[in-house]
Student: 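First the structure, which I've put down as structure tokens, then a few questions once you've had a look.
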Amino acid sequence: MLDIQLLRSDKEAVIKRLNQRNEDFTERIEAVLTADQKRREVLQKVEQLKMARNQLSKSVGEAKQRGEDVNAILARVEDSKSEIQSLEKEAIHAEETIREILLRIPNMPHLKAPLGTSENDNVEIKTVGNKPVFKFPPKAHWDLAVERDFLDFERAAKISTSRFVIYKNDGARLERALIQFMMDMHADKGYQELMLPYLVNATSMTATGQFPKFKEDAFEVKDDRELYLNPTAEVPGINIYRDEILKGEDLPLKYAAFTTAFRQEAGSAGRDTRGIIRQHQFNKVELLKFSKPEDSYAELDDMLAASEAILIALKLPYRVIELCTGDIGFAMAKTYDIEVYLPAYEDYREIGSISNAEDYQARRGNIRFKRTSDAKPEFVHTLNGSGLAVGRTWIAIVENFQNEDGSITVPDVLVPYLKKTVI
RNA sequence: GGAGGAAUACCCAAGUCUGGCUGAAGGGAUCGGUCUUGAAAACCGACAGGGCGGGAAACCGUCGCGGGGGUUCGAAUCCCUCUUCCUCCGCCA
């Protein structure tokens, strides 16, 4: 959520930055400010009336103790009652208006984020490693893995629906090894390990920015408690400290969480239908940070490095791009995407996304910290990044390290986990 | 699933039946001081935190006793509702 104080004091700058997202926010911002003006006016009146009422009520008690007649005072209080009620209703209404609009306004892109309207304007930061050269026609994972009995799409569809898969044999083992390997790497870098709830409530989804705007992407559980399947560990992870005040000396807090993520992929019908690149259910290792504002961009770079370290260790070719203002996610100010090279697509595909939400999620979730025990609370900055998408890493290994006989050479760092050099 | 009980400030804990100088006794922790060579102990002092609004600021107002709603001139206290935790029984990995 945007800072309404900033809106009041520097409306034009906010609109200018928001509009870099290739959408016009002018009307919505004006509507917020109108409601805000109204709210403050009404609030001042209400509070004045309440002060008078409180004083009179107090004098009722005092008068009664002295045994005096209180009817005259009671009559005076009665007068203000309905006025307080109706004004209060107006204030609440204005507040709801503000909140409803603000919850649907995205974060402002970082001042230095590259300007652009679509993914075509994203900026390549670097390319690492070389694309593989094959002396035979390489196979796509959806062919190769099925032939090797590592994946079974048809029976998964029978059990569940399309966009689900069964991992089998060394295929399943590779997925498990990758999870273990990634978590171990991050633990070595000081990320605390988490295992999080897979069902989250609407309040949590709202704090991180999935709701209200992207509700159709979530799987809702049929239950009167209104729960949703975890769409990314960012949701349960960032919400750990919702409505809390952290100690400045504890920051930054760094977490690594493996979760299985569930997404409707509502807007992607018909896209990436082959293979496991886009599934309703997928495994992901997520990195999370709660940081002081002044440190958050250094922490973002550090997080990017932690994600890259996985690909470097696995010797997979990848590139890093910075998203342009038109492509940055709703809650984020700055985002790097890591893309791994996949022979079947003859292209780089996203395998991780590393973002700084600055104080946007912290405001929505009321996550604060105090620099010292007597300091005013401030909002933390929240960061999250993939470290990495396990299924897509799996694809990258199978496709990039395939041999002519259909076997797959296991990256050295995974050999201790798989206890094999070839699968 | 059944039957009970609880939620008060950083922690513990009174107050709730019987509504009104109780925004909240007391203890612990913490911070500052006295004493001490230093420390401990003892003693003295400080101590909700926070949201919102006004103000240049000092400060003022408002809200606030798990959340939300209600009754009342007035609610920690009465009523409704939700959430969470605990105990016992049943079921269960």
Side-chain angles (χ1 to χ4, degrees), chain A residues 1-10 32-103 195-207 221 223-228 236 239-251 260 290 359-380:
Chain A
M1 201 140 60
L2 297 181
D3 180 7
I4 194 154
Q5 313 260 20
L6 185 66
L7 276 184
R8 284 180 201 149
S9 64
D10 206 355
V32 168
L33 286 172
T34 306
D36 179 53
Q37 185 64 35
K38 172 83 180 170
R39 171 174 169 269
R40 284 190 290 165
E41 280 167 18
V42 172
L43 219 47
Q44 280 173 50
K45 283 188 212 161
V46 171
E47 291 188 358
Q48 227 160 18
L49 288 168
K50 278 187 176 175
M51 176 168 50
R53 185 198 62 191
N54 288 347
Q55 282 168 359
L56 284 172
S57 288
K58 208 168 189 177
S59 68
V60 170
E62 287 162 357
K64 268 192 172 172
Q65 265 179 350
R66 291 194 298 267
E68 296 169 8
D69 180 57
V70 295
N71 283 328
I73 313 177
L74 293 189
R76 282 174 64 197
V77 178
E78 193 65 35
D79 289 343
S80 65
K81 205 178 173 184
S82 66
E83 197 180 356
I84 289 179
Q85 269 180 352
S86 75
L87 285 173
E88 212 155 41
K89 220 172 258 177
E90 280 186 58
I92 288 167
H93 180 255
E95 218 159 279
E96 280 168 356
T97 303
I98 293 167
R99 185 175 162 78
E100 271 166 32
I101 302 171
L102 239 33
L103 281 178
M195 295 189 96
L196 294 158
Y198 281 19
L199 296 184
V200 296
N201 59 36
T203 309
S204 296
M205 293 285 267
T206 303
V221 177
D223 179 284
D224 54 14
R225 285 169 294 193
E226 207 194 337
L227 294 166
Y228 301 85
N239 275 281
I240 292 172
Y241 293 115
R242 174 152 50 80
D243 292 321
E244 291 195 36
I245 299 176
L246 302 167
K247 288 182 188 162
E249 71 232 43
D250 292 339
L251 300 178
T260 302
F290 300 85
D359 64 4
Y360 185 87
Q361 292 177 325
R363 278 179 199 286
R364 286 175 159 245
N366 193 29
I367 307 171
R368 295 174 293 171
F369 79 102
K370 283 193 199 177
R371 292 181 189 274
T372 58
S373 59
D374 54 354
K376 279 285 254 184
E378 301 170 53
F379 289 107
V380 298

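Proteins come first, then strands; the chains are lettered A, B, ... in the order of their sequence lines, and each starts at number 1. The analysis underlying the following values was restricted to heavy atoms, covering all of them including side chains, and did not include hydrogens, waters or symmetry mates. Since we're looking at a predicted model, the values are computed, not measured.
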Student: Identify whether any heavy atom of A:Lys247 sits under 4.0 Å from a base atom; if not, whether one sits that close to sugar-phosphate; answer base, sugar-phosphate or nothing.
Tutor: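 It contacts nothing in the nucleic acid.
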Student: May I ask you to test the A:Gln361-A:Ile367 pair for a side-chain heavy-atom distance under 4.5 Å?
Tutor: no
Student: Considering only side-chain heavy atoms of A:Arg53, which listed nucleotide, B:G53, B:G74, B:G50, is closest?
Tutor: B:G74
Student: Say you pick atom P in B:C60 and the same atom in B:G19; how far apart are they, in whole Å?
Tutor: 32 Å
Student: Could you work out which one of B:C73, B:G61, B:G53 sits closest to the side chain of A:Arg40?
Tutor: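 My answer, after comparing the listed nucleotides, is B:G53.
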Student: Taking the P atom of each, how far is B:C11 from B:C65, in whole Å?
Tutor: 16 Å
Student: To the nearest angstrom, how far is A:Gln44 atom CD from B:G61 atom P?
Tutor: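 To the nearest whole Å, that distance equals 15 Å.
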Student: Just call it for A:Arg99: base, sugar-phosphate, or nothing, with non-hydrogen atoms closer than 4.0 Å on any strand.
Tutor: nothing
Student: Rounded to whole angstroms, how far apart are CD1 on A:Ile84 and C1' on B:G53?
Tutor: 16 Å
Student: If the P atom of B:A3 is compared with that of B:U8, how far apart are they to the nearest Å?
Tutor: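 Approximately 26 Å lies between the P atom of B:A3 and that of B:U8.
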Student: Considering only the C1' atoms, how many Å lie between B:G49 and B:U30, rounded to the nearest integer?
Tutor: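 After rounding to an integer number of Å, I get 14 Å for this pair.
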Student: Quick one: look up who B:A46 pairs with, Watson-Crick or G-U, both distances under 3.5 Å, and put none if it's unpaired.
Tutor: B:U30
Student: What's the gap between B:G23 and B:U36 when it is taken at their C1' atoms, as a whole Å value?
Tutor: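 It comes out at 40 Å once rounded to the nearest Å.
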Student: Side-chain contact test, heavy atoms from C-beta onward, threshold under 4.5 Å: evaluate it for A:Leu102 versus A:Leu7 and give yes or no.
Tutor: yes
Student: Taking the side chain as everything from C-beta on, heavy atoms only, tell me whether A:Arg53 gets closer than 4.5 Å to A:Ile84.
Tutor: yes
Student: Rounded to whole Å, please give me the gap between CD1 in A:Ile245 and P in B:G49.
Tutor: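 It is 11 Å, rounded to the nearest whole Å.
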Student: Should B:C92 form a Watson-Crick or G-U wobble pair with both distances under 3.5 Å, which nucleotide is its partner?
Tutor: none
Student: Taking atom P of B:C52 as reference, at what distance in whole Å does atom NZ of A:Lys38 sit?
Tutor: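 Atom NZ in A:Lys38 sits about 21 Å away from atom P in B:C52.
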Student: Could you walk me through whether A:Arg242 and A:Ser204 pass the side chain to side chain donor-acceptor pair (under 3.5 Å) test, one step at a time?
Tutor: CA-CA 8 Å; A:Arg242 174 152 50 80; A:Ser204 296; 3.0 Å; yes
Student: Given B:G53, B:G61, B:C63, identify the nucleotide with an atom nearest to the side chain of A:Lys50.
Tutor: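 Selected nucleotide: B:C63.
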Student: Taking pairing as Watson-Crick or G-U wobble with both contacts under 3.5 Å, can you name the mate of B:U16, or confirm there isn't one?
Tutor: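 By the stated definition (distances under 3.5 Å), nothing pairs with B:U16.
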Student: Using the P atom in both, what is the distance from B:A76 to B:G64, to the nearest Å?
Tutor: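 Going atom to atom, P in each nucleotide, I get 7 Å.
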Student: Among the nucleotides B:G61, B:C73, B:C52, which one has an atom lying closest to any side-chain atom of A:Leu43?
Tutor: B:C52
Student: Tell me which of A:Lys58 and A:Met51 sits closer to the 5' end of RNA chain B, going by the nucleotide each one is nearest to.
Tutor: A:Lys58
Student: Name the residue closer to the 5' end of RNA chain B, choosing between A:Glu88 and A:Gly61 according to the nucleotide with the nearest heavy atom.
Tutor: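 Final value for this comparison: A:Gly61.
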Student: Within the structure provided, determine whether A:Lys38 and A:Glu90 are in side-chain contact (heavy-atom separation under 4.5 Å).
Tutor: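 Yes - at least one pair of side-chain heavy atoms lies under 4.5 Å apart.
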Student: Counting C-beta onward and ignoring hydrogens, is there a side-chain heavy-atom pair between A:Gln37 and A:Glu41 closer than 4.5 Å?
Tutor: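 The answer is yes, as the side chains (C-beta and beyond) meet within the 4.5 Å cut-off.
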Student: In terms of side-chain heavy atoms of A:Ser57, which of B:G51, B:G74, B:G61 is nearest?
Tutor: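 Taking heavy atoms from C-beta onward, the closest nucleotide is B:G74.
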Student: Quote, to the nearest angstrom, the C1' distance that separates B:C92 from B:A14.
Tutor: 41 Å
Student: Looking at B:G53, which nucleotide sits across from it as a Watson-Crick or G-U wobble partner, both distances under 3.5 angstrom, or is there none?
Tutor: B:C60
Student: Tell me whether the OP1 or OP2 atom of B:U62 has a side-chain N or O from A:Asn54 closer than 4.0 Å.
Tutor: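 Looking at the OP1 and OP2 atoms of B:U62, one of them is under 4.0 Å from a side-chain N or O of A:Asn54.
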Student: P atom, B:G67 versus B:A75: distance in rounded Å?
Tutor: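 Approximately 15 Å lies between the P atom of B:G67 and that of B:A75.
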Student: Rounded to whole Å, please give me the gap between CG in A:Leu49 and P in B:G53.
Tutor: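 Atom CG in A:Leu49 sits about 18 Å away from atom P in B:G53.
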Student: Could you tell me whether the side chain of A:Leu227 reaches within less than 4.5 Å of the side chain of A:Val200, counting heavy atoms only?
Tutor: no
Student: B:A3 pairs with which nucleotide, Watson-Crick or G-U wobble, both distances below 3.5 Å?
Tutor: B:U87
Student: With a 3.5 angstrom cut-off on both distances, give the Watson-Crick or G-U wobble partner of B:G74, or none if there isn't one.
Tutor: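 The answer is none; no pair meets the criterion.
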Student: Rounded to whole angstrom units, what separation is found between the NZ atom of A:Lys376 and the C1' atom of B:G50?
Tutor: 8 Å
Student: Are A:Glu378 and A:Arg371 close enough for a salt bridge, meaning some N to O gap below 4.0 Å?
Tutor: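 Looking at A:Arg371 together with A:Glu378, the answer is yes, because their closest N to O distance falls below 4.0 Å.
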Student: From B:G20, B:G51, B:G50, pick the nucleotide closest to the side chain of A:Lys370?
Tutor: B:G50
Student: Nearest whole Å is fine: how far is B:C10 P from A:Asp250 CG?
Tutor: 17 Å
Student: A:Arg39 has an atom CZ; how far is it from atom C1' of B:G53, in whole Å?
Tutor: 7 Å
Student: Does B:G51 have OP1 or OP2 sitting under 4.0 Å from an N or O in the side chain of A:Arg368?
Tutor: yes
